[in-house]
Amino acid sequence: MSATPSSRNRPVAFDHASVILAPKVLLHDHLDGGLRPQTVLELARESGYDELPADDVEGLARWFRESADSGSLVRYLETFTHTVAVMQTAPALRRVAGECAEDLAADGVVYAEIRFAPEQHLTDGLSLDEVVEAVLEGFVEGAEAAAAVGKPIEVRCLVTAMRHAARSREIAELAVRFRDRGVVGFDIAGAEAGHPPSRHLDAFEYMRANNAPFTIHAGEAFGLPSIHEAISFCGADRLGHGVRVMDDIELPSGTGAADRVVTGASLGRVANYVRDKRIPLEMCPSSNVQTGAVASIAEHPFNVLARLRFRVTVNTDNRLMSDTTMSKEFGVLADQFGYGWADFERFTVNAMKSAFIHFDERLRLIDEVIKPGYAVLIG
Ligand SMILES: O=c1[nH]cnc2c1ncn2[C@H]1C[C@H](O)[C@@H](CO)O1
Ligand SMILES: [Zn+2]
């Protein structure tokens with residue numbers, strides 16, 4: 001499909017061959033969910049971990065993809081046992097982080113915030129600080145390697161606390177301790193049902209007291225109350241997924257998930273608050289289908305929320321488990337909802353505006369990288 005001349009307001013046709021060239025901003029991607037299958041195998045061999053479910057690249061890649069396809073967040077999360085198991089030493093963490101930066105840059109990602117839970121990487125004796133230091137070193141090395149082949153990327157880190165555990169305050173302190181060295185925020189993740197974010201209030205209070213931003217996985221496996229708590233009690237700056245904000249939106253009968261114009265929607269208080277406050281939604285289409293948060297891409301609320309002008313962003317969540325990339329996620333959305341480059345520029349600017357780096361740095365990337373990049377595609 002070739003691009004047709006168009007004003008900036010009319011989407012110019014997306015084409016799969018050019019998507020790699022589109023500048024992308026990734027806010028929601030887990031370090032331990034994005035390893036190369038080959039690296040999992042090699043690190044397992046080096047460390048003597050013998051519980052991998054397959055011993056060749058294709059078999060292992062398929063196992064992750066199929067096991068994560070369970071329709072249950074809890075079962076989806078079980079697959080991380082294997083990736084976390086091989087990320088217990090500083091060299092392993094550095095390697096995984098470096099490859100992450102290189103893989104994202106090769107896919108056209110120009111800015112990424114990569115998250116992981118340091119508390120899960122202590123079994124071989126590393127301290128929390130050593131874990132974070134190794135990952136940050138890896139990001140620097142990977143970004144340098146990417147720049148050397150003409151694919152510059154800026155990578156920052158979010159540190160995650162696991163919501164079923166009791167270390168969130170300590171992890172928030174870790175985030176603040178490393179904030180001028182590459183960590184730009186804090187997150188909580190893990191099984192949602194039975195683990196409300198309000199159990200971690202002291203961590204969020206600590207972040208707020210230190211003027212440090214955070215995001216919360218909310219409204220993925222569990223419904224609206226989780227989103228309400230995350231924004232109203234905890235003060236989340238962004239929502240991880242947030243798809244269930246749809247539970248607070250009534251659409252006129254006959255409105256379809258793929259409609260280009262959505263009129264007559266009635267928003268409840270939570271949905272209005274999220275939209276009024278421009279709270280960014282870190283949406284991860286493929287992951288949401290795998291965990292059962294939505295039934296299919298066709299029924300994903302991304303499009304309705306985008307048409308209603310929520311601040312939607314496109315993300316990968318776990319590239320290994322979903323066998324995905326940012327380019328693939330763009331492709332899936334374009335095929336399903338008919339988006340053009342102007343739409344993807346908007347989602348990318350949404351993401352860049354929502355990043356946890358400082359305002360002047362965000363603006364620079366928007367003006368010097370994102371807009372010129374899309375101008376080439378839009379013509
Ligand atoms: O989509 C997710 N929802 C909740 N937790 C998640 C998701 N993807 C990954 N995690 C968990 C598993 C990882 O071990 C942890 C830190 O990256 O975060
Ligand atoms: Zn996630």
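Numbers here simply count residues along the sequence, with the first being 1. Whatever order the structure lists ligands and atoms in, that order sets their numbers, starting from 1. Values in this document were obtained by computation on a predicted structure and should not be read as measured data.
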Metal check, the Zn ion (ligand 2) vs [X] N/O/S, cut-off below 2.8 Å:
X	answer
His217	yes
Asp317	yes
His241	no

Between ligand 1 and the protein, which N/O pairs fall short of 3.5 Å?
| unit_1 | atom_1 | unit_2 | atom_2 | d |
| --- | --- | --- | --- | --- |
| ligand 1 | 1 (O) | Glu220 | OE2 | 2.9 |
| ligand 1 | 1 (O) | His241 | NE2 | 3.2 |
| ligand 1 | 1 (O) | Asp317 | OD2 | 2.8 |
| ligand 1 | 3 (N) | Glu220 | OE1 | 2.8 |
| ligand 1 | 5 (N) | Gly190 | N | 2.9 |
| ligand 1 | 8 (N) | His30 | NE2 | 3.3 |
| ligand 1 | 8 (N) | Asn318 | ND2 | 3.0 |
| ligand 1 | 14 (O) | Asp32 | OD2 | 2.5 |
| ligand 1 | 14 (O) | Gln120 | NE2 | 2.9 |
| ligand 1 | 17 (O) | His30 | ND1 | 2.7 |
| ligand 1 | 17 (O) | Asp32 | OD1 | 2.7 |
| ligand 1 | 18 (O) | His30 | ND1 | 3.3 |

Check for a donor-acceptor pair, side chain of Arg275 on one end and backbone N or O of Leu308 on the other, with a separation under 3.5 Å.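 Here the side-chain-to-backbone pair exists.
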
Is it true that Lys328 and Asp107 make a salt bridge, defined as a side-chain N closer than 4.0 Å to a carboxylate O?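 Salt bridge absent between Lys328 and Asp107.
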
For Glu250, look at atom CD and say whether over 12 heavy atoms of other residues, nucleotides or ligands are found less than 6.0 Å away.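 At most 12 heavy atoms, drawn from other residues, nucleotides or ligands, come within 6.0 Å of this atom.
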
Name all pairs fulfilling the salt bridge (Lys or Arg N to Asp or Glu O under 4.0 Å) condition that reach into residues 194-221, sequence neighbours left out, sorted by first residue then second.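 Of all non-adjacent pairs touching residues 194-221, none passes salt bridge (Lys or Arg N to Asp or Glu O under 4.0 Å).
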
Would you kindly say whether His16 and Asp335 are connected by a side-chain donor-acceptor distance under 3.5 Å?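 Yes, because at least one side-chain N or O of His16 sits under 3.5 Å from a partner of the opposite role on Asp335.
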
For Asp129, all residues meeting side chain to side chain donor-acceptor pair (under 3.5 Å), sequence neighbours excluded: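 Arg177.
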
Is there a chain of hydrophobic side chains (I, L, V, M, F, W, Y, each step under 4.5 Å between heavy atoms) that links Val74 to Met321?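 Unlinked, Val74 and Met321 end up in two clusters.
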
To the nearest 10°, how many degrees is the angle His30 NE2 to the Zn ion (ligand 2) to His28 NE2?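 NE2 of His30 and NE2 of His28 make an angle of 100° at the Zn ion (ligand 2), to the nearest 10°.
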
List for me each residue that meets side chain to side chain contact (heavy atoms under 4.5 Å, CB included) alongside Ser286, sequence neighbours excluded, and say none if there are none.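 Listed in chain order: Ser322, Thr324, Glu329.
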
